[in-house]
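Just so it is clear: chains get the letters A, B, ... in the order the sequence lines come, proteins before strands, and each one is counted from 1. Small disclaimer: the values here were computed from a predicted structure and weren't measured.
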2 protein chains.
Amino acid sequence: MPTTSHSGEVPARRKRADALRNQQTLLAAAAAVFVTSGVDAPIREIAARAGVGMGTIYRHFPTRADLVVAVYRHQVEACAEAGPTLLAGADSPLAALRQWVDLFVDFLVTKHGLANALQSDSSGFDALHTYFLDRLVPVCAQLLDAAVNAGEIRPGTHAYELMRGIGNLCVGRDSDPRYDPRRLVELLLQGLQRPQPS
Amino acid sequence: MPTTSHSGEVPARRKRADALRNQQTLLAAAAAVFVTSGVDAPIREIAARAGVGMGTIYRHFPTRADLVVAVYRHQVEACAEAGPTLLAGADSPLAALRQWVDLFVDFLVTKHGLANALQSDSSGFDALHTYFLDRLVPVCAQLLDAAVNAGEIRPGTHAYELMRGIGNLCVGRDSDPRYDPRRLVELLLQGLQRPQPS
DNA sequence: ACAGTAAGCGGAACAACGCTCCGCTCTGCC
DNA sequence: GGCAGAGCGGAGCGTTGTTCCGCTTACTGT
């Protein structure tokens, strides 16, 4: 019998070999295209790059967000797991938070248009927003709480809001020398530190 | 001969009455549509609302940015002029800066998709980005300098970067109760106040 | 008043893209 | 070897941006 059988709602027949192959090919193609054309690249372009039809891409990844999530899942996961690690290894919770935010910003900045897509309210990107935030907000909250408990930053800031703010700061035309998201994120963190509005 | 004649490079014939009328109609229609459908509304929708053909809209406003700028010119101008006024009337330069930023945020938040368009790197919005920033950055710089000179905030922050940061914080899906751009902008200003990273 | 001119207008037409749908192919199983 | 159906490809539809050209009409000079 297949690996899953007894009492399962879904029979879960094993996927066909060619389907699995196509899925991998698509992921590789998408990753390559995202680098050159951003995450908004035309579906046709990705399909062509992978040498498959568009039907195939839509079957494996019904929405654009599904594809983006699949491509970046590993990196998001790594970022999420880095949270507790940094907290354990850093000099202070605030230092850990700072390092973790750096990681997140690096991730967003190096993926063309990802930050835009993350905040976009256009259809098809909802799942992206959801996945990223569901995965990373708890991690951020843990770091935030630790820093608050250590008295290093003021309480009252929600992790969700902070994450979205950081993401937003990374949005925009790439490589404008006059705009460096990192400096503004740093400013945001400084604002967190201030105990009272003076 | 027409009104202007001697030595002028351009004859500058007076515009036809119907052209002027159409331009006004278009501005009104665009303003109305922007409220309901955002600044990304289909050109056709605006043309239909104004009761004109698409050729007309493209003749009067070659790029989308031209139309957006024309619609919001008054408000941008008002915001720009409020800078010196606030500086003169407020208790302190920092208070003035804070009030001015509030004005700017209100403006962005109430126009669906404007903040997005401002930062977007897609073609057609370059002029928008340019106009807004050319007009408002000097005003912001003046307020910033005054606050620095008064010793209320640390030096080293560029007005351009701050403006883009604020604009970016206003980007995103509208009216998510968990995300309030104002709180994050406030955090940014708090960060500005901090004299040294402690 | 009126005819000539060109500024201005409308919308058909083309291109790019997202997404769907259905006839065909090929895999896995007996 | 043959069969069922999972999987595939890409034609085709709807939407939007943008251009282009023949027609309309507001001004001008007489």
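Atom CZ of A:Arg21 and atom C1' of C:dC26 are 11 Å apart (whole Å). Rounded to whole angstrom, the span from the CG atom of A:Leu26 across to the C1' atom of D:dG9 amounts to 13 Å. Taking atom CZ of residue A:Phe61 and atom P of nucleotide D:dG7, one finds them 13 Å apart after rounding to whole Å.
Taken from NZ in B:Lys111 to CG in B:Asn116, the straight-line distance is 14.5 Å, to the nearest 0.5 Å.
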Taking only nitrogen or oxygen atoms into account, show me every contact under 3.5 Å that the protein makes with nucleotides 3-8 of chain C, one pair per line with its distance.
{"unit_1": "C:dA7", "atom_1": "N3", "unit_2": "B:Arg16", "atom_2": "NH1", "d": "2.4"}

Nucleotide N/O to protein N/O under 3.5 Å, stretch nucleotides 16-19 of chain D:
{"unit_1": "D:dG17", "atom_1": "OP1", "unit_2": "B:Arg64", "atom_2": "NH1", "d": "3.2"}
{"unit_1": "D:dG17", "atom_1": "OP1", "unit_2": "B:Arg64", "atom_2": "NH2", "d": "3.4"}
{"unit_1": "D:dG17", "atom_1": "OP2", "unit_2": "B:Ile43", "atom_2": "N", "d": "2.9"}
{"unit_1": "D:dG17", "atom_1": "N7", "unit_2": "B:Arg44", "atom_2": "NH2", "d": "2.7"}
{"unit_1": "D:dG17", "atom_1": "O6", "unit_2": "B:Arg44", "atom_2": "NH2", "d": "2.7"}
{"unit_1": "D:dT18", "atom_1": "OP2", "unit_2": "B:Tyr58", "atom_2": "OH", "d": "3.3"}

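B:Arg183 is listed as a side-chain neighbour of A:Glu161, based on a closest heavy-atom distance under 4.5 Å. A heavy-atom distance below 4.5 Å is found between the side chains of A:Val68 and A:Phe34.
For B:Asp91, the CG atom is loosely surrounded, since the number of other residues' heavy atoms within 6.0 Å does not exceed 12.
A:Ser37 is linked by a side-chain contact (heavy atoms from CB on, under 4.5 Å) to A:Val33, A:Ala41, A:Glu45, counting only residues two or more places apart in sequence or in another chain.
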| field | From CA spacing to verdict: salt bridge (Lys or Arg N to Asp or Glu O under 4.0 Å), A:Asp102, A:Arg182 | value | CA-CA 8 Å; A:Asp102 257 1; A:Arg182 273 169 261 259; 5.9 Å; no

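Using modelled atom types, one finds a donor on one side chain and an acceptor on the other under 3.5 Å when comparing B:Thr63 with B:Asp66.
Contacts of A:Ala47 with the nucleic acid, taken as non-hydrogen atoms under 4.0 Å apart, are absent.
Ring pair B:Phe104/B:Phe107 is tilted by interplanar angle, where 30° to 60° counts as tilted.
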